[in-house]
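One is the number of the first residue; the rest follow in order along the sequence. All figures in this text were calculated on a predicted structure; none of them were measured in a lab.
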Amino acid sequence: MTTPMVKAEGVHKSFGAAHILKGIDLEVAPREVFCLIGPSGSGKSTFLRCINHLEQINAGRLSVDGQLVGYRQKGDKLYELKDSEVALQRRDIGMVFQRFNLFPHMTALENVMEAPIQVKGEAKAVARARAEKLLDRVGLADKAKNYPTQLSGGQQQRVAIARALAMEPKLMLFDEPTSALDPELVGDVLDVMRGLAEDGMTMIVVTHEMGFAREVGDALVFMDDGVVVESGHPRDVLTNPQHDRTKSFLSKVL
């Protein structure tokens, strides 16, 4: 049996009295493109943030590549890891947010170089060479010296993808990466993500881009009100949903 890249078992998350995740169970296989869809407030982004322990779960278990995220098990009990240990786990998990979160005082090239130098202690020449290749890969070799304010939203998001890839992650998380973009800029970002999928990168994508989910996704989950309502192959779920709630949602977005 292949170890799942991500495994969630009965994951719960609350913010005060608000119960956001209500027992999420799912598995993501290595090299799989796993799409999460659902209305705003359904818990998709919260679940994504739990995978790299940006949010601490309240119950259940979450593991990446067979390793518990944020916790160590001793006997029957789980003990939270130190911040430094969590940071080590995050090195293997790239994340791309809705807002690009680039360092405004750094060029595109410097943004991509920064984490390998600061976190991994890489030599600048090594980090620069990889950063140049990654910017070329996302179609921005000619923008290496530009600052974020000199780039369009779509270009900034592609720099953010290159920055996440610079850490050579085994898992990429995308939190609605095109939702803040003008419609004409969406295609370039999705093309980069298609390329990653073709290269075998394991990806979890929270998205409203149903065309991307249908074309590129290997599995799709529809979430609502903190639970998994329906799951299956994207084409099956999108063309022949079984649950009334899924049908209602898709009737509004397709």
Side-chain angles (χ1 to χ4, degrees), residues 13 15 18 20-21 33-56 69 86-87 89-119 131 134-135 137-140 143-167 169 171-197 201-213 216-217 223 253:
K13 174 63 186 175
F15 295 103
I20 307 301
L21 300 178
V33 178
F34 191 97
C35 296
L36 285 171
I37 66 170
S40 296
S42 58
K44 309 180 302 295
S45 294
T46 297
F47 176 67
L48 212 63
R49 291 171 64 84
C50 288
I51 293 172
N52 61 4
H53 208 61
L54 287 175
E55 301 291 353
Q56 182 180 348
V69 174
V86 174
Q89 290 186 325
R90 285 197 191 116
R91 286 167 52 156
D92 293 328
I93 306 171
M95 187 157 186
V96 178
F97 300 88
Q98 292 181 42
R99 299 289 171 180
F100 326 119
N101 295 348
L102 298 178
F103 299 117
H105 62 291
M106 293 183 180
T107 65
L109 185 68
E110 290 166 343
N111 263 282
V112 180
M113 290 171 59
E114 183 71 2
I117 293 170
Q118 297 298 331
V119 178
L134 287 169
L135 286 175
R137 180 177 182 176
V138 300
L140 293 173
K143 303 292 184 183
K145 295 181 180 179
N146 288 46
Y147 289 89
T149 55
Q150 299 170 313
L151 301 171
S152 71
Q155 290 169 338
Q156 289 185 60
Q157 192 62 293
R158 283 184 279 155
V159 173
I161 294 172
R163 182 175 62 176
L165 292 173
M167 289 294 285
L171 170 67
M172 285 284 285
L173 309 176
F174 292 89
D175 188 6
E176 299 190 19
T178 60
S179 65
L181 301 179
D182 292 332
E184 67 267 24
L185 303 177
V186 168
D188 290 337
V189 173
L190 294 180
D191 285 344
V192 171
M193 294 170 65
R194 284 188 186 92
L196 291 178
M201 173 64 74
T202 309
M203 300 157 60
I204 303 179
V205 185
V206 173
T207 186
H208 292 297
E209 299 291 341
M210 300 303 161
F212 175 85
V216 184
M223 284 179 63
V253 299

**OP:** Determine yes or no for a side-chain-to-main-chain donor-acceptor pair under 3.5 angstrom, with Arg163 supplying the side chain and Asn111 the backbone.
**Re:** no

**OP:** Would you indicate whether Arg99, at its atom CZ, is surrounded by more than 12 heavy atoms from other residues, nucleotides or ligands within a distance under 6.0 Å?
**Re:** no

Subject >> Phe97 side, atom CZ; Leu102 side, atom CG - distance, nearest 0.5 Å >> reply: 11.5 Å

Subject >> Closest heavy-atom pair and its distance - Gly217, Cys35 >> reply: CA-SG, 4.1 Å

Subject >> Side-chain (Gln98) to main-chain (Glu176) donor-acceptor, under 3.5 angstrom >> reply: no

Subject >> Closest heavy-atom pair and its distance - Leu135, Ala162 >> reply: CD2-CB, 4.4 Å

Original post:
If every non-hydrogen atom of Ala197 is compared with every non-hydrogen atom of Val33, which pair is closest and at what distance?
Top reply: CB-CG2, 3.6 Å

**OP:** Identify the heavy atoms of Met172 and Val96 that sit nearest to each other, and give their distance.
**Re:** CE-CG2, 4.0 Å

**OP:** Say whether, by atom type as modelled, one donor and one acceptor occur between the side chain of Lys44 and the main chain of Ile37 under 3.5 angstrom.
**Re:** no

Subject >> Heavy-atom donor-acceptor pair, Gln157 side chain to Pro177 backbone, under 3.5 Å >> reply: yes

Original post:
Phe212 pairs by side chain to side chain contact (heavy atoms under 4.5 Å, CB included) with which of Glu209, Met210, His208?
Top reply: Glu209

Original post:
Is the backbone of Val86 close enough, under 3.5 Å, to the side chain of Gln89 for a donor and an acceptor to pair up by distance?
Top reply: no

